[in-house]
Every structure is written in C-alpha cells, then in structure tokens.
Amino acid sequence: MRPFDYHRPDTAEAALNDASDGTAFIGGGTNLLDLMKLEVMTPDRLVDVNHLGLNRIEETDDGIEIGATVRNSDLADDSRIRRRWSVLSRALLAGASPQLRNTATTAGNLLQRTRCPYFQDVDAACNKRDPGSGCAAIGGELRNHAVLGTSEHCIALHPSDMAVAMRALDAEVVIRGSGGSTRTAGLPDFYRLPGETPHIETTLEPGELITAIRLPAPTGDRQAYRKVRDRASYAFALVSTAAVLRMENGKIASAALAFGGVGTQPWRDAEVDTLLRGERPSDALFDKAGEVLMRNAELREGLEFKKPLAQRVLKAVLTEVTR
Ligand code: SF4
C-alpha cells in the first residue's frame, strides 16, 4: 500500500474543501481499502466522511431519506424500511456478510467497484483501471460479467444488490458540490454505461459528495428480491431480480422490475414494466417478459447461462409477487 494523507473533517463543507485531485472519500472502506492494498486505487489523500452527521434515516413528506453513511445493516434493520421498502431490506441482507454490512455505508455501496478479476489484477489489461490498455476479460474466462449494457471496451458487472432494489424503487442520489450547491440524480442519470470510457462510472464530478439517497413512496406493496449465486452466502449475484408490484382486480396495476448480475449498471428495462402493466398474471406473460428483458443480451462464451437463468428468476419472482 502506498503512503497517503488522512483527513477527518466534521462538516460536509470541510470535507469538500479538503478534497483535491487524488482525493478519495472514505466511509466504511470495505471496498476502497481492498483496492488500495492491491494498488488498483492509489489516492494521495483520504477524506473520512464518517463524522459529518450523514448517518440518519428520516421520513419525508412522500418517502424517506437515507444518509450517505448509514450502515447497510442499520438500513436493512430499520422498521420503516422493512415495512414499506422491504425489497431494499431483502436486497441488503442478500449482500456481503454480516461483518461487511455492519461497516459498509449506503453511498459506498452505490459506488463500489466491479469485481471483474482482471480489474483487480494490476498486471492484466483493463480499460477501467488503465484507460486505453485493453480488456483482458473479452476473450478471457467469463462468469461474473455483464450481458447487457456492455461495450467493446468493457463488460464489467455492477456488483451491488442494494442498488438493484434502489433502481426498482426509483431512488434519487443527493449530491453536494463545493460552494454549497446541491443536486439530485436518479440512478439512470447517476450511473454511466461503459461505452468508450469505462473508467468513468458515474456522473459524480470531482469534488462532489453524496450526502443522501431519497426513496419516494413505493409504487407497489408487493415486493421481492431473489438472488442466485454460486454459494449460499457472501457471494455476488449470478443473476438477481427486484420486484415492486401493485395488483388491482386480479391485474398488474404497476410493475417496477430491476436486475442484478446481468448489466454494467443496476439494470431496468421500461419495456418489461410496460409489458406487464394492465395484464393478468400468467406463465405466458412472464415468459414474454423474460424474452423482452434479454432481447439485446450479448451472450459471450461462458455467459450463455445468464439468459435462461435470468428468465427463470424473473418468472419465479413474478409468480411470487402476483400470487
Ligand atoms: Fe477491465 Fe472492464 Fe475488461 Fe474487466 S471487463 S478487464 S473491468 S475493461
């Protein structure tokens, strides 16, 4: 690990003033410190954001606001989250291990880096770690890689379970810039597809700080999160599905589906939601939703299994929430 400065401010303003080129904000550090030890990330300065008062969960007029440094375990256990946004609690509990959830923060979870093994190997070509160096994954051994939203420059998966549930819940990221300005971004505007610049993963500008995540009132009371992985715990999703549905008179009145383990960002497809809306649940409808979801999948060698697996998980989740 290389030497670095460490700063521990006690206000968001001071944290932003402390940030300069080469700065990384650190919350739980569960991903950042691993990457620093591997010399995949080499910040000159760490600014600790754990003492800025960003660890509260507060109800708002139409939803709930989650502070950036709320721990994953506290968020999963919050009674309001469990009651109204249960898909989020379930997704959190499906991720990582209890020890990691006790330390990892909400903002850090959104910003965690891919677990592509070539990204973590400083001797491998990787456009995300070293722009322009190539992509060792394409043509390499593939299993935990994306089939949707990929480019010829990067096929890395977004690894978060929490962000998949947040995508289904229409979460907004609250971002503070230097000078006191605040802006919000929905997850579709927050995450970038890899395109030709896979090293730029979000629309966060240098010196901006996530202070909270807002969830509006859920669009449905029938919620589920299902994750398939190589072992029963402490493993990333091969595929996962988050569902938020509302039923009326035997029909699907609203549907918000999001997917993990398939996309370069937490994946949502408006055509899947639209297809389901207004329809009566049936196997044929769920099969059609699976076809729509995977219509543009790039099934490179080693990743062919993702299509039928994602379709089966989607069908199982839809069956569960429309019962
Ligand atoms: Fe790097 Fe992306 Fe290729 Fe993995 S898939 S080696 S992260 S460029």
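Both ligands and their constituent atoms are indexed starting at 1 by order of listing. This is a predicted model, so every value here is computed, not measured.
Residue, atom and distance of the protein heavy atom nearest to atom 4 (Fe) of ligand 1 are C116 SG, 2.4 Å. Among all protein heavy atoms, the one lying closest to atom 3 (Fe) of ligand 1 is C135 SG, 2.3 Å. When hydrogens are left out, the protein atom nearest atom 5 (S) of ligand 1 is I155 N, 3.3 Å; that is the closest non-hydrogen contact.
Shown in contact with A156 at under 4.0 Å from a heavy atom are these atoms of ligand 1, numbered in order with element: 2 (Fe), 5 (S), 7 (S). In the vicinity of F119, heavy-atom distances shorter than 4.0 Å reach the ligand 1 atoms 7 (S). Near H153, the atoms of ligand 1 lying under 4.0 angstrom from a non-hydrogen atom of the residue are 8 (S). Within ligand 1, the atoms closer than 4.0 Å to a non-hydrogen atom of Y118 are 6 (S), numbered from 1 in the order shown.
Contact annotation for C126 and ligand 1: heavy atoms of both the backbone and the side chain come within less than 4.0 Å of the ligand.
Judged by distance alone, the side chain of R226 and the main-chain N or O of V317 form no donor-acceptor pair under 3.5 Å.
Annotation for R8: atom CZ does not count as buried by contact number, only 12 or fewer foreign heavy atoms lying within 6.0 Å.
One finds a salt bridge joining R246 and E248 here, because a Lys/Arg side-chain nitrogen approaches an Asp/Glu carboxylate oxygen to under 4.0 Å. A salt bridge does not link R115 to D34: none of the charged side-chain nitrogens sits closer than 4.0 Å to a carboxylate oxygen.
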Worked verdict on R214 versus T60 for side chain to side chain contact (heavy atoms under 4.5 Å, CB included): CA-CA 9 Å; R214 288 183 188 146; T60 61; 5.7 Å; no
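For residue C154, an N/O/S atom approaches atom 2 (Fe) of ligand 1 to within less than 2.8 Å.
Heavy atoms of R129 come nearer than 4.0 angstrom to ligand 1 in no pair at all.
Only one option out of R277, K288, R295 pairs with E271 in a salt bridge (Lys or Arg N to Asp or Glu O under 4.0 Å); it is R295.
Ring-plane geometry between Y191 and H158 is classed as perpendicular, the angle between the planes exceeding 60 degrees on a 0 to 90 degree scale with a lower cut at 30.
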